Amino acid sequence: MKKIFNKFIKDKNFAFFLLAIVILGSIPRSIEAISGNFLFGYDQGVFFQAVREIVVNHRFTLIGVEVGGGGFFQGPGWYYLLSIPFYLWKGDPYGGMILMLMVGVLTIALSIVFGRKIFDINTGLTIGFLVAVSPAIIAQSRFIWPPFIISLFSVFFILFLYKVLQGSGKFFPLLTFIVGFMFHFEIATGATLLFQLLIISPLFFIKKMVSIRFYFLGLLSFLFTQTSLFIFDIRHSFINTRGIVNLFLNNNRDDSVVSRVDLIASHINVFKSNFLSSFQMADLLWPFLFIVLVIGLASYFRDKKIKKVQKWLVLYLATSPLTLFIVFIFYPSGMWEWWILELIIFYCFLFAVILTYLFKNKLMRFFVVVIYIIFFFSFVNKTIFFYKNDFNDFGGTQKIKGKIEAIDYIYKDAKGKKFGLLAFTPPVYTYAYD
């Protein structure tokens with residue numbers, strides 16, 4: 001009876017802190033949802049036109065967003081996901097903004113729940129806190145953009161990978177499914193994570209984590225997520241396949257040493273920016289954070305009390321930036337930061353594990369508390385700044401209210417007469433001619 005009571009108290013306290021962290025993280029993420037004014041540019045217009053074809057005209061699509069310059073497409077998952085708020089809000093793009101907020105809140109909550117399941121309560125709550133106050137992840141809830149869904153999928157990816165490392169091979173099909181589904185939102189993320197899985201897959205066999213049966217089911221699970229693209233390719237002379245091949249066999253690229261060095265330097269800047277955007281004040285704290293991480297990892301891996309499966313997962317999280325960087329070295333062009341958004345979630349999990357572990361050490365406890373305090377007050381300061389500046393920012397024609405105002409003016413000026421209107425405001429993309 002005493003154990004049941006203690007568990008109830010423990011779960012009740014956990015639920016309280018989970019709710020508190022979710023509410024904390026929701027405050028800056030809710031600015032556009034509360035104000036009703038959000039960024040709505042060319043890309044968002046394209047998204048909602050495609051979704052309108054699905055919901056209103058019942059023209060279902062096999063493909064999603066075109067991959068710039070590559071001549072191929074992502075899967076249509078983003079369009080079908082966006083069609084849900086489009087239907088519920090009767091075409092009002094505000095529904096898309098609510099979707100992004102809900103995804104952000106769910107990412108925080110599941111980070112805590114999954115973190116507790118993989119590690120312990122304190123680690124789970126710390127993961128949730130880092131996700132809640134992460135500048136980059138906060139921004140993802142304030143803009144309608146398909147790659148920003150990746151953070152939520154990354155949380156599932158970590159859980160399924162842990163289960164596989166734990167020896168539960170039945171989770172391997174779920175792991176490959178979530179990777180395949182990422183192709184519908186950011187193909188570069190899905191492709192590089194898939195490549196990483198191929199690299200570490202021998203471990204699954206050597207340690208007998210995944211049987212041949214579940215490995216085969218995992219392959220089928222991944223292929224299932226690409227079904228619509230396969231059908232599209234067969235019907236259109238394999239345009240996707242040819243586009244991907246042409247991307248890597250582009251004979252016009254400059255393969256000189258100087259060009260390759262410049263490209264690698266550009267990739268380094270992208271990875272650096274990705275890390276610095278993951279934590280509050282990371283641009284100033286990064287040397288300190290790096291030292292804490294190195295000390296923490298060294299102590300963590302030497303600790304024989306830590307489960308081996310947890311060490312395997314932490315090792316994966318710690319080495320992922322390096323392996324992904326090496327993978328992108330072979331990419332023949334520049335890269336974008338949203339191709340590696342999963343790393344931000346990886347960093348939050350990794351640092352939460354290390355900070356929670358170091359907090360047990362009396363010598364390191366002070367430094368860990370200082371990091372928590374700096375993160376929290378920086379988060380509060382930036383949130384106040386956002387509400388003072390962004391909440392009342394009309395945004396001109398870049399935000400939805402400005403566009404609605406322009407449309408209302410046109411209808412008012414027409415005075416009930418029929419009229420035609422062509423609005424042509426293309427972004428200046430040159431890759432089609434390069």
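These numbers were taken from a predicted model, which means no experiment stands behind them. All values below were derived from every heavy atom in this structure, side-chain atoms included, with hydrogens, water molecules and symmetry-related copies excluded.
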>> Do Leu24 and Phe379 have side chains that approach each other closer than 4.5 Å (heavy atoms only, starting at C-beta)?
In response: yes

> Any side-chain heavy atom of Arg365 sitting closer than 4.5 Å to one from Leu358?
Replying inline: no

>> Donor-acceptor pair, distance only, cut-off 3.5 Å: does the side chain of Glu186 make one with the backbone of Ile150?
In response: no

>> Rounded at 0.5 Å granularity, tell me how far OG in Ser320 sits from CZ in Phe346.
In response: 5.0 Å

> Under the salt bridge (Lys or Arg N to Asp or Glu O under 4.0 Å) test, which residues partner Glu405, sequence neighbours left out?
Replying inline: none

> Does CZ belonging to Phe391 count more than 12 external heavy atoms closer than 6.0 Å?
Replying inline: yes

> Any sub-3.5 Å donor-acceptor pair from Ser221's side-chain atoms to Pro173's backbone N or O?
Replying inline: yes

> Are Phe183 and Phe222 near enough that their ring centres are under 6.0 Å apart?
Replying inline: yes

>> Please determine whether the number of non-hydrogen atoms from other residues, nucleotides or ligands lying under 6.0 Å from atom CZ of Phe385 exceeds 12.
In response: no

> Looking at CZ of Phe86 and CZ of Arg52, how far apart are the two atoms once the value is rounded to the nearest 0.5 Å?
Replying inline: 7.0 Å

> About how many Å separate CG of Leu125 and OG of Ser111, when rounded to the nearest 0.5 Å?
Replying inline: 11.5 Å

>> Tell me every residue that passes side-chain contact (heavy atoms from CB on, under 4.5 Å) with Ser266, counting only those two or more places apart in sequence or in another chain.
In response: none

> Do Thr107 and Ser151 get their side chains close enough for a donor-acceptor pair, meaning under 3.5 Å?
Replying inline: no

> If you round to the nearest 0.5 Å, how far is OG1 of Thr176 from CG of Leu217?
Replying inline: 9.0 Å

> Can you pull the salt bridge (charged side-chain N to carboxylate O under 4.0 Å, His left out) pairs that have at least one residue in residues 376-396, sequence neighbours excluded?
Replying inline: Arg142-Asp390, Asp393-Lys399

>> Determine whether the aromatic ring centres of residues Phe114 and Tyr162 are separated by less than 6.0 angstrom.
In response: no

> Can you find a heavy atom in the side chain of Leu161 that is under 4.5 Å from one in the side chain of Phe171?
Replying inline: no

> Is it true that a side-chain atom of Gln44 and a backbone atom of Gly41 form a donor plus acceptor pair closer than 3.5 Å?
Replying inline: yes

Name each donor-acceptor pair under 3.5 Å that joins a side chain in residues 280-287 to protein atoms two or more places apart or in another chain, with its distance.
| residue | atom | partner | partner atom | Å |
| --- | --- | --- | --- | --- |
| Gln280 | OE1 | Ser378 | OG | 2.9 |
| Gln280 | NE2 | Val133 | O | 2.7 |

>> Surrounding CZ of Phe366 (heavy atoms of other residues, nucleotides or ligands, distance under 6.0 Å), is the total greater than 12?
In response: no

> With side chains defined as the heavy atoms from C-beta onward, is the minimum distance between Met182 and Ile149 less than 4.5 Å?
Replying inline: no

> Has the side chain of Ser134 got a donor or acceptor atom that lies under 3.5 Å from a matching backbone atom of Val131?
Replying inline: no

>> Main chain of Leu175, side chain of Lys163: is a donor-acceptor contact present, judged purely on distance under 3.5 Å?
In response: no

>> Rounded to the nearest 0.5 Å, what separates atom CG in Leu263 from atom CD1 in Ile268?
In response: 10.5 Å

> Within the side chain of Asn37, is there an N or O that forms a donor-acceptor pair under 3.5 Å with the backbone of Gly395?
Replying inline: no

>> I'd like to check the side-chain contact (heavy atoms from CB on, under 4.5 Å) partners of Ile326; sequence neighbours left out, ordered by chain and number.
In response: Leu322, Phe330

> How about Ile345 and Ile137: do any of their side-chain heavy atoms sit closer than 4.5 Å?
Replying inline: yes

>> Can a side-chain donor-acceptor contact be found between Glu32 and Tyr94 if the only test is distance below 3.5 angstrom?
In response: no

> Tyr300 and ring pair (Phe, Tyr, Trp, His ring centres under 6.0 Å): which partner among Tyr357, Phe351, Phe119?
Replying inline: Tyr357

>> Is any side-chain heavy atom of Phe172 closer than 4.5 Å to one of Phe160?
In response: no

> If you look at every heavy atom in Asn240 and Phe73, which pair is closest and at what distance?
Replying inline: OD1-N, 2.7 Å

> Which heavy atom in Ile340 sits nearest to a heavy atom in Thr189, and how many Å separate them?
Replying inline: N-OG1, 4.4 Å

>> What verdict does the side chain to side chain contact (heavy atoms under 4.5 Å, CB included) test give for Gln398 and Leu39, after you've listed the backbone C-alpha separation in whole Å, the side-chain angles of each residue and the deciding distance to 0.1 Å?
In response: CA-CA 6 Å; Gln398 298 301 313; Leu39 289 170; 4.2 Å; yes

> When you check the side-chain N and O atoms of Asn122 and Thr356, is any donor under 3.5 Å from an acceptor?
Replying inline: no

> Does Phe367 CZ have over 12 foreign heavy atoms under 6.0 Å away?
Replying inline: no

>> Can you tell me how far apart CG (Leu88) and CG (Leu99) are? Round to the nearest 0.5 Å.
In response: 10.0 Å

> Sequence neighbours excluded, which residues qualify as side-chain contact (heavy atoms from CB on, under 4.5 Å) partners of Ser273?
Replying inline: Glu337

> By ring pair (Phe, Tyr, Trp, His ring centres under 6.0 Å), which residues pair with Phe181, not counting sequence neighbours?
Replying inline: Phe153, Phe177, His184, Phe185

> Between Thr225, Thr192, Leu197, Leu174, which is the residue that forms a side chain to side chain contact (heavy atoms under 4.5 Å, CB included) with Val179?
Replying inline: Leu197

> Closest heavy-atom contact between Asn57 and Glu53?
Replying inline: ND2-OE2, 2.9 Å

> Any chance OH of Tyr411 has more than 12 other-residue heavy atoms, nucleotides or ligands included, within less than 6.0 Å?
Replying inline: no

>> Tell me every residue that passes ring pair (Phe, Tyr, Trp, His ring centres under 6.0 Å) with Phe271, counting only those two or more places apart in sequence or in another chain.
In response: Phe325

> Is the Phe157 ring parallel, tilted or perpendicular to the Tyr316 ring (thresholds 30°, 60°)?
Replying inline: tilted

> Sequence neighbours excluded, which residues qualify as salt bridge (Lys or Arg N to Asp or Glu O under 4.0 Å) partners of Asp92?
Replying inline: none

> What's the shortest heavy-atom distance between Gly95 and Pro85, and which atoms?
Replying inline: O-CB, 3.2 Å

>> Among residues at least two apart in sequence or on other chains, which ones pass ring pair (Phe, Tyr, Trp, His ring centres under 6.0 Å) with Phe275?
In response: Phe279, Tyr347

> Can you name the closest pair of heavy atoms from Met97 and Ser141 and give their distance?
Replying inline: CE-O, 3.2 Å

>> I'd like to know if the side chain of Tyr80 reaches the main chain of Thr61, judged simply by a donor and an acceptor atom lying under 3.5 Å from each other, with no hydrogens or angles considered.
In response: yes

>> Take a 6.0 Å sphere around CZ of Phe290 and say whether it holds more than 12 heavy atoms from other residues, nucleotides or ligands.
In response: no

> Looking at Ser277 and Ile344, what are the two nearest heavy atoms and their distance?
Replying inline: OG-CD1, 4.1 Å

> Are any non-hydrogen side-chain atoms of Ile187 and Trp339 less than 4.5 angstrom apart?
Replying inline: no

> Between Arg116 and Thr123, is any pair of side-chain heavy atoms under 4.5 Å apart?
Replying inline: no

>> Tell me every residue that passes salt bridge (Lys or Arg N to Asp or Glu O under 4.0 Å) with Arg235, counting only those two or more places apart in sequence or in another chain.
In response: none

> Side chain of Ser228, backbone of Leu62: donor and acceptor closer than 3.5 Å?
Replying inline: yes

>> Checking Pro93 now: which residues fulfil side-chain contact (heavy atoms from CB on, under 4.5 Å) with it, not counting sequence neighbours?
In response: Phe38, Phe40, Phe48, Ile400

